[in-house]
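These numbers were taken from a predicted model, which means no experiment stands behind them.
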Amino acid sequence: MSFYLAIVSPLDSPLFELSFPSAKPPPGSSSASSTSSFPSWSTFTAANGSDLGADGPGAKVGGSMGLLSGESKTGPERDRAMCQMIAHKSLDSVEEMMDGTGSLYLKNIDRHNEWIVSAFIATNVKFILLHDIKNDDGIRLFFLDVWESYVKILLNPFHTVNTPIRNPVFESKIRASAKRNL
């Protein structure tokens, strides 16, 4: 079980991102074949059924299809790139749901393989959370904690609005909230 949080500005530029494992043990824990808690690239297959997962050393991501040609990424870099892709892909779904509802918390708005996308909208800033388990109450409480921490960052006179957040205290508060709620 793992989570990925992205805070996205009104102009759809990333302000903050953080990936973290769940602090709670998985229900009915089974042995995982991968050392990473994130879904692997092996879940993607080409039209001919061949595996696009390139886990070998020095292998290119995307196999022979030329995806990210010339680049070789390690496991954590692939995981981060995949999470960024899913989070930014779901922004359209978030904006569609924003227009139809007055709620700040949008649960389970999109799905990508085993990832579930939930969002929280606060003053046009979007908090996107990728998760692989359903914990609606915990996720809602987590979003409220993130929103509170984000507002405190905005109140800092040394922080410029809509610029990336590079504050270790902010990150530690997010991690503590994730540990408590997720």
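- Lys152 is linked by a side chain to side chain donor-acceptor pair (under 3.5 Å) to Glu148, counting only residues two or more places apart in sequence or in another chain.
- To the nearest 0.5 Å, atoms OG (Ser9) and CG (Leu15) are separated by 5.0 Å.
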(request) Tell me, with the steps shown, if Ser90 and Ile128 meet side-chain contact (heavy atoms from CB on, under 4.5 Å). (result) CA-CA 9 Å; Ser90 68; Ile128 309 288; 4.0 Å; yes
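- Here Glu96 pairs with nothing under the salt bridge (Lys or Arg N to Asp or Glu O under 4.0 Å) rule; sequence neighbours left out.
- Here the closest heavy-atom approach between residue Asp12 and residue Lys126 is recorded as OD1-NZ, 3.4 Å.
- Separating the CD1 atom in Ile165 from the CD atom in Glu171 is a distance of 11.0 Å, to the nearest 0.5 Å.
- Aromatic rings from Phe3 and Phe142 are positioned such that their centres are separated by 6.0 Å or more.
- With sequence neighbours left out, the side-chain contact (heavy atoms from CB on, under 4.5 Å) criterion links Pro164 to Arg166.
- Between Lys173 and Val146, the closest side-chain pair of non-hydrogen atoms is not below 4.5 Å.
- A search for side chain to side chain donor-acceptor pair (under 3.5 Å) contacts involving Ser177 returns Asp145, Asn181, not counting sequence neighbours.
- Leu182 is listed as a side-chain neighbour of Phe20, based on a closest heavy-atom distance under 4.5 Å.
- In this structure, the side chains of Val117 and Leu129 stay at 4.5 Å or more apart for every pair of heavy atoms.
- Nearest approach of Ser172 to Val169, heavy atoms of both residues: OG-O, 2.8 Å.
- Contacts of Arg111 classified as side-chain contact (heavy atoms from CB on, under 4.5 Å), with partners at least two apart in sequence or in another chain: Ile116.
- Residues forming a salt bridge (Lys or Arg N to Asp or Glu O under 4.0 Å) with Asp136 (at least two apart in sequence, or on another chain): Lys107.
- Atoms CD1 and CD1, from Ile153 and Ile7 in turn, are 9.0 Å apart once rounded to the nearest 0.5 Å.
- Phe127 has its ring centre no less than 6.0 Å from the ring centre of Trp147.
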(request) Please step through side-chain contact (heavy atoms from CB on, under 4.5 Å) for the pair Tyr105 and Leu144, ending with a clear verdict. (result) CA-CA 9 Å; Tyr105 173 50; Leu144 290 174; over 6 Å; no
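- Residues Val161 and Leu11 do not share a hydrophobic cluster, clusters being chains of Ile/Leu/Val/Met/Phe/Trp/Tyr side chains in contact below 4.5 Å.
- A donor-acceptor pair under 3.5 Å is formed between the side chain of Ser118 and the backbone N or O of Asn108.
- Sorted by first and then second residue, the pairs that involve residues 84-94 and meet salt bridge (Lys or Arg N to Asp or Glu O under 4.0 Å), not counting sequence neighbours, are Lys89-Asp110.
- Under the ring pair (Phe, Tyr, Trp, His ring centres under 6.0 Å) criterion, the residue pairs touching residues 155-182 are Phe16-Phe170, with sequence neighbours excluded.
- For the atom pair CG of Leu104 and CD1 of Ile121, the computed distance is 8.0 Å after rounding to the nearest 0.5 Å.
- With sequence neighbours excluded, no residue forms a side chain to side chain donor-acceptor pair (under 3.5 Å) with Glu95.
- Partners of Arg140 by side chain to side chain donor-acceptor pair (under 3.5 Å), not counting sequence neighbours: none found.
- Side-chain contact between Val125 and Val8: absent, with no pair of heavy atoms (C-beta onward) separated by less than 4.5 Å.
- In this structure, the side chains of Ile139 and His131 come closer than 4.5 Å at one or more pairs of heavy atoms.
- Atom CE of Met85 sits about 14.5 Å away from atom CZ of Arg80, to the nearest 0.5 Å.
- Atom SG of residue Cys83 and atom CG of residue Leu5 lie 11.0 Å apart, to the nearest 0.5 angstrom.
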